[in-house]
Amino acid sequence: MRRLLSLPIAYARELARGVGRGWDAFFFTPADPLSLGLVRIMTGALLLWSMAVTGLDLHAFLGSYGWADPAVVRTFMSERGGMGWSLWLAVPDGLLVPAYATALAVLFMFTIGLGSRVTAVLSWMIAVSTARRVPVMLFGFDQIVAIWTFYLAVTGSAGRALSLDRWLAHRRGRGGPAVPTVSVNIALRLIQIHLCIIYGMAGLAKLQGPAWWDGTAFGLVLLTREFRSLIDVSWLLKYPAAVNLATHVTLAFELLYPVLIWNRLARPPLLFLAVVLHMGIGITLGLNEFGLAMIAGNLAFVSADILRGKASSG
Amino acid sequence: MARNKQVPDQILEDGVWPGWAKWVVSGFLVWHLSSQVAAQLSAQPSSGLERAVADLFAPYYEGLDLGHAYRYYAPEPGPTPIVQARLTYGDGRPDVEVRLPDRDLAPRLRYQRHLNLANHMFNDSMQARAHEHEHPPDQPPHEPNPGRWAASYARHLARIHPGAKTVSIYTTRHLLPNLADIAREGIPDVDDERYYEVLTLIGEFPCDDF
């Protein structure tokens, strides 16, 4: 009887110790900030570009008589638990241009890594404020860049590498080369896990659609004429086998990514496929910014050693 | 993996986290990642249990705008909503037609924003119409409901077209051709009327109301 009890207790202890050690190594091992620096530059540049494009219709999107009536926006926010907020709702039309110019300046500073800890938080606030102020103009791109910015901001590690902050500190003799830190590792881990959630959920949801099973979904995407492809690849429709293959590979990629990306040997082909997939979406659907935002997230899986041109130690 | 296994001792200050800091951060990580999974699973179709669990985290992920469902092109690619608006002046000026999205818009991201304007308004109007029929059997149906974004868009259009008397908002959908038709006839022209649904009037809005 005692042995019957001691075995599961010993197993539970060993399991808890193993999980604890694994958790500690996974989240609390210092990581090289180089990849995260690249994530910040790409994410910041995309936010800056998006804000610049929003400025082409500044009053139509952010003004009080814009597409999204502030009263309606506030109603939707209150219906979703009242937790929504947007700094743009506090900006009167007369101050819209200076507020917009300030937002552009903050996003630029975030991109080049100046005052990174502060500008990362402000950039995230700008991204969320814009998303909440004009929810009717949003698509996946806005969600993705806001998430990467949130992780860069909450870990305070946005400017650890490839930043003006680091360069200035180096010039003043107050900092050496980019050093591995735990906070960088936490940011990278959060981006990695979130990428797995995104791909996994996108893949699982597709399983509800017959076109993803019968291999025609990619053809349907090509036929969505309102997307305005950069390059017309509709000639691919003449080759049903190619359409089937593209459909099956897309689905398999999304379903397998969350599992296989953690395997050192499977990672390079998966990352290559991710780039091909997102570049393909950019070309066929014109969703360039979305593709680049996803590629930015995938950089979190790229070894700093490889980026520095050294052999990867995994 | 993006980490360095040979970290010099002098740069490990940040690596030597006290136990309490690890516990605090671990608590946040567990909470945050649980909230993200819960938010994903609560999107329809979902179970009552999944939605109840997500409700526990809702104030957190709603406050931080992190509760998205990443169900891109799911269950499968479908028709594209289009919004059309007609502004009438009543003083002899010709009507003005507005299309969302306007195909001439550039750059591409700006066009995509306008494509989303149409998409959101279409979904909102369809949802509002569905609720029109939800009324107790002993009570009359609700008044026709155009949805809240339709009125919002009409207000904006009235503002940028001074002197307009009414704004009429319509929706349609650009349908996907059948792959068998493509094999037989080739790819249809983008304006081929066979691949557009009949325009549906969502609402007529007097500009004086704005």
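Proteins get letters first, then strands, A, B, ... in listed order; numbering begins at 1 in each.
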Show the nearest heavy-atom pair for residues [X] and [Y], with the distance to one decimal.
X	Y	answer
B:Leu176	A:Leu223	CD2-O, 3.6 Å
A:Leu56	B:Pro107	CD1-CD, 3.6 Å
A:Phe28	B:Lys22	CZ-O, 3.6 Å
A:Trp23	B:Ser26	NE1-OG, 2.8 Å
B:Arg108	A:Gly286	CG-O, 3.3 Å
B:His120	A:Val136	CD2-O, 3.0 Å

Go through the atoms of [X] and report whether side chain, backbone, both or neither lie under 4.5 Å from a heavy atom of chain A.
X	answer
B:Leu64	both
B:Tyr60	side chain
B:Leu115	side chain
B:Leu175	neither
B:Asn119	neither
B:Leu109	both

**Study point:** Partner chain A: residue of B:Val37, B:Leu33, B:Asp124 with the largest heavy-atom pair count (under 4.5 Å)
**Key:**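 Heavy-atom pairs under 4.5 Å are most numerous for B:Leu33.
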Practice item. Flag the one option from B:Leu41, B:Ile187, B:Ile160 with the top tally of heavy-atom pairs under 4.5 Å to chain A. Key: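 Highest number of heavy-atom pairs under 4.5 Å: B:Ile187.
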Whether [X] and [Y] hold their rings parallel, tilted or perpendicular, with breakpoints at 30° and 60°:
X	Y	answer
B:His32	A:His194	tilted
A:Trp67	B:His114	perpendicular
A:Phe76	B:Trp149	parallel

If I measure from the heavy atoms of chain B, does [X] come under 4.5 Å with its side chain, its backbone, both, or neither?
X	answer
A:Leu237	side chain
A:Pro33	neither
A:Leu34	neither
A:Phe150	side chain
A:Ala60	both
A:Ala217	both
A:Pro210	both
A:Phe290	side chain
A:Gln143	both
A:Ile186	side chain
A:Ile193	side chain
A:Tyr65	both

Measure the [atom1]-[atom2] distance between [X] and [Y] for me, rounded to the nearest 0.5 Å.
X	Y	atom1	atom2	answer
B:Asn116	A:Asp142	CG	CG	8.0 Å
B:Arg71	A:Gln208	CZ	CD	6.5 Å
A:Arg225	B:Asp191	CZ	CG	9.0 Å
B:Tyr70	A:Leu204	OH	CG	14.5 Å
A:Asp24	B:Trp17	CG	CH2	11.0 Å
A:Asp69	B:Arg155	CG	CZ	3.5 Å

So does [Y] get a backbone contact from the side chain of [X], meaning a donor-acceptor N/O pair under 3.5 Å?
X	Y	value
B:Arg113	A:Met137	yes
A:Glu226	B:Thr80	no
A:Trp212	B:Tyr73	yes
B:Arg159	A:Ser64	no

When only pairs under 4.5 Å are counted, which of [options] shares the most heavy-atom pairs with chain B?
options	result
A:Arg132, A:His59, A:Glu289	A:Arg132
A:Lys238, A:Met77, A:Lys206	A:Lys206
A:Gly66, A:Ala202, A:Gly63, A:Gly203	A:Gly66
A:Pro240, A:Gly140, A:Ala205	A:Ala205

Evaluate whether atom [atom1] of [X] has more than 12 neighbouring non-hydrogen atoms of other residues, nucleotides or ligands under 6.0 angstrom away.
X	atom1	result
B:Glu193	CD	no
A:Trp213	CH2	no
B:Tyr196	OH	yes

Exercise for review: Begin from the C-alpha positions of B:Leu66 and A:Ile147 and carry the test side-chain contact (heavy atoms from CB on, under 4.5 Å) through to its verdict.
Suggested key: CA-CA 7 Å; B:Leu66 291 170; A:Ile147 290 160; 4.0 Å; yes
Point to revise | Verdict with supporting geometry, B:Leu117 and A:Phe61, side-chain contact (heavy atoms from CB on, under 4.5 Å) | key: CA-CA 10 Å; B:Leu117 286 176; A:Phe61 282 131; 4.2 Å; yes
Point to revise | ring pair (Phe, Tyr, Trp, His ring centres under 6.0 Å) partners for A:Phe218, two or more places apart | key: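 Residues passing ring pair (Phe, Tyr, Trp, His ring centres under 6.0 Å) with A:Phe218: none at all.
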